[in-house]
Number of protein chains: 2
Amino acid sequence: MRKGEETRTRILDVAEAAVLQKGFGGTSIEELIAETGITKSGFFYHFRDKNELAKALLNRYIENDERIYDEIFSRARELMDDPLQSFLLGLKLLSELLSDLPNGHPGCLVATVCYYERLFDREIQEANKNAVLAWRRRFGGMFEEIMAVYTPREPLDVDQLADMVSTVIEGGIVLSRALKEPNSLSEQILVLRTFVKLLFQPRASDLNGVRH
Amino acid sequence: MRKGEETRTRILDVAEAAVLQKGFGGTSIEELIAETGITKSGFFYHFRDKNELAKALLNRYIENDERIYDEIFSRARELMDDPLQSFLLGLKLLSELLSDLPNGHPGCLVATVCYYERLFDREIQEANKNAVLAWRRRFGGMFEEIMAVYTPREPLDVDQLADMVSTVIEGGIVLSRALKEPNSLSEQILVLRTFVKLLFQPRASDLNGVRH
DNA sequence: GCGAAAACTGTACCGACGGTGCAGGAGGGC
DNA sequence: GCCCTCCTGCACCGTCGGTACAGTTTTCGC
């Protein structure tokens with residue numbers, strides 16, 4: 001019971017690192033068992049096949065991802081009352097968190113899965129889709145709060161704006177890896193932050209009678 | 001001579017489609033030769049190993065990619081004299097081109113390679129990096145032209161701004177695929193377009209004495 | 001139309017890998 | 001002492017990437 005969970009976690013740790021570096025197809029079960037010091041039979045005791053390993057890997061990754069976003073943006077919410085300022089701070093905190101990682105972001109399993117789609121069953125693809133939809137809901141909710149207070153300078157769809165956050169993170173990871181510049185991702189998030197700031201900056205005409 | 005090139009191209013076509021759906025590791029040589037109607041020996045006549053196939057695949061993809069950007073942005077330059085308007089039109093044209101693809105963007109090999117890095121040799125990783133650097137130079141040049149005429153509302157590094165275009169495209173592809181919403185990518189490009197428009201919109205204070 | 005090079009085919013083989021099946025054993029909890 | 005969880009060991013299968021190499025057809029230059 002306790003021991004089993006521990007071994008399972010160890011396999012998942014090793015597998016996650018390997019998959020993010022070489023993809024699912026490039027990661028062999030034999031290399032995983034060699035590194036975890038388990039036998040092949042032991043591996044198949046925990047996971048029926050590679051597909052089930054992928055499923056467990058993805059679900060764990062998504063959970064962890066959600067936890068990190070929860071922490072960052074609830075912390076930002078505590079520090080700032082205004083929804084826009086809070087969101088901008090959240091992006092700043094996220095950017096700092098990422099630039100503190102010595103080797104950069106290890107890679108996103110959601111992206112890995114979507115470049116592998118045909119190899120996995122529908123369940124995995126659904127979980128992947130739902131993860132992205134959860135991001136959309138998360139950031140979309142924040143933008144709705146912002147829009148209740150601020151008028152955007154240009155009309156933009158809330159879902160598309162929310163997706164922009166996910167887009168920049170996923171795209172930033174790709175660029176960081178391709179360029180081998182770990183800081184690119186956090187820089188791109190800060191560029192997005194500037195864009196969002198600009199979008200909700202009050203117009204001169206909205207400041208009628210206001211002194212600052 | 002002529003025939004050889006044709007077969008080679010056919011292999012690359014089949015391989016590209018397969019790799020973009022299943023990744024390099026998930027694509028078997030045996031399935032490629034089955035679909036192209038060639039023998040295994042025939043395959044290895046054209047490509048020494050899988051790594052060389054990947055190299056040829058990536059180089060061809062990058063060349064094609066560059067050609068498409070050349071066409072779109074030189075066409076936009078012909079239609080608009082102002083560098084900002086020309087760039088905004090280019091993004092619009094790119095967005096339209098992508099939304100016209102019935103199944104959405106087939107996926108980016110540069111992203112596929114960067115999620116596979118450890119399996120390939122340095123030459124491929126270098127080619128991948130150079131492709132992203134070429135994008136940076138391309139869009140960076142455009143932003144420099146724009147900044148010679150317009151003052152950005154917020155100070156932004158030209159390289160980082162240029163990378164933002166690549167970031168949105170790469171991230172947009174990931175989201176499109178994960179969500180199975182082919183239009184997401186072109187929508188995200190239009191959101192970026194709005195951001196760029198906002199960034200270079202003249203301030204009220206810059207319009208002193210100007211009537212419009 | 002001939003010769004040489006280019007573009008293959010066929011066959012046999014290798015080690016690594018994903019996966020199956022099953023028998024058995026160590027260790028802890030009741 | 002028994003059962004259940006958590007493994008190990010072993011034998012085996014088909015697929016895959018890759019090698020080696022001999023032989024054959026196709027194509028092109030002259």
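Every chain is numbered from 1 and lettered A, B, ... according to where its sequence line falls, protein lines coming before strand lines.
When side chains are defined from C-beta on, A/Leu57 counts as touching A/Leu109, because their heavy atoms get closer than 4.5 Å. Contact of the A/Ile146 side chain with the A/Asp82 side chain is not registered, since no non-hydrogen atoms from C-beta on lie closer than 4.5 Å. Contact of the B/Glu52 side chain with the B/Glu123 side chain is not registered, since no non-hydrogen atoms from C-beta on lie closer than 4.5 Å. Side-chain contact check for B/Asp157 versus A/Val191: every heavy-atom pair is 4.5 Å or farther apart.
Within 6.0 Å of CG in B/Asp81 there are 12 or fewer heavy atoms belonging to other residues, nucleotides or ligands. Within a 6.0 Å radius of NZ in A/Lys92, other residues, nucleotides and ligands contribute 12 heavy atoms or fewer.
Close to D/dC6, at under 4.0 Å from its OP1 or OP2, lies no side-chain N or O of A/Thr7. Listed pair B/His46 / C/dC8 meets the phosphate criterion, a side-chain N or O lying under 4.0 Å from OP1 or OP2.
The distance from atom OH of A/Tyr45 to atom C1' of D/dT8 is 13 Å, rounded to the nearest whole Å. The distance between atom CD1 of B/Ile11 and atom P of D/dG17, rounded to the nearest whole Å, is 14 Å. As rounded to whole Å, 13 Å separates atom C1' of C/dC17 from atom NZ of A/Lys22. Rounded to a whole Å, the CZ atom of B/Phe47 is 14 Å from the C1' atom of C/dA7. To the nearest angstrom, C1' of D/dT15 lies 14 Å from CG of B/Leu32.
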Strictly under 3.5 Å: I want the nitrogen or oxygen pairs between protein and nucleotides 18-23 of chain C, one per line.
unit_1: C/dG18; atom_1: OP1; unit_2: A/Thr27; atom_2: O; d: 3.4
unit_1: C/dG18; atom_1: OP1; unit_2: A/Ile29; atom_2: N; d: 2.9
unit_1: C/dG18; atom_1: OP2; unit_2: A/Ile29; atom_2: N; d: 2.8
unit_1: C/dG18; atom_1: OP2; unit_2: A/Glu30; atom_2: N; d: 3.3
unit_1: C/dG18; atom_1: N7; unit_2: A/Lys40; atom_2: NZ; d: 3.2
unit_1: C/dG19; atom_1: OP2; unit_2: A/Lys50; atom_2: N; d: 3.1
unit_1: C/dG19; atom_1: N7; unit_2: A/Lys40; atom_2: NZ; d: 3.2
unit_1: C/dG19; atom_1: O6; unit_2: A/Lys40; atom_2: NZ; d: 3.2

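For B/Asn130, the side-chain hydrogen bond (donor to acceptor under 3.5 Å, both in side chains) test picks out no residue, with sequence neighbours left out.
Residues B/Glu181 and B/Ser184 bring a donor and an acceptor atom of their side chains to less than 3.5 Å of each other.
Stem list for DNA chain C (at least 3 consecutive Watson-Crick or G-U pairs, distances under 3.5 Å): C:1-30 with D:1-30.
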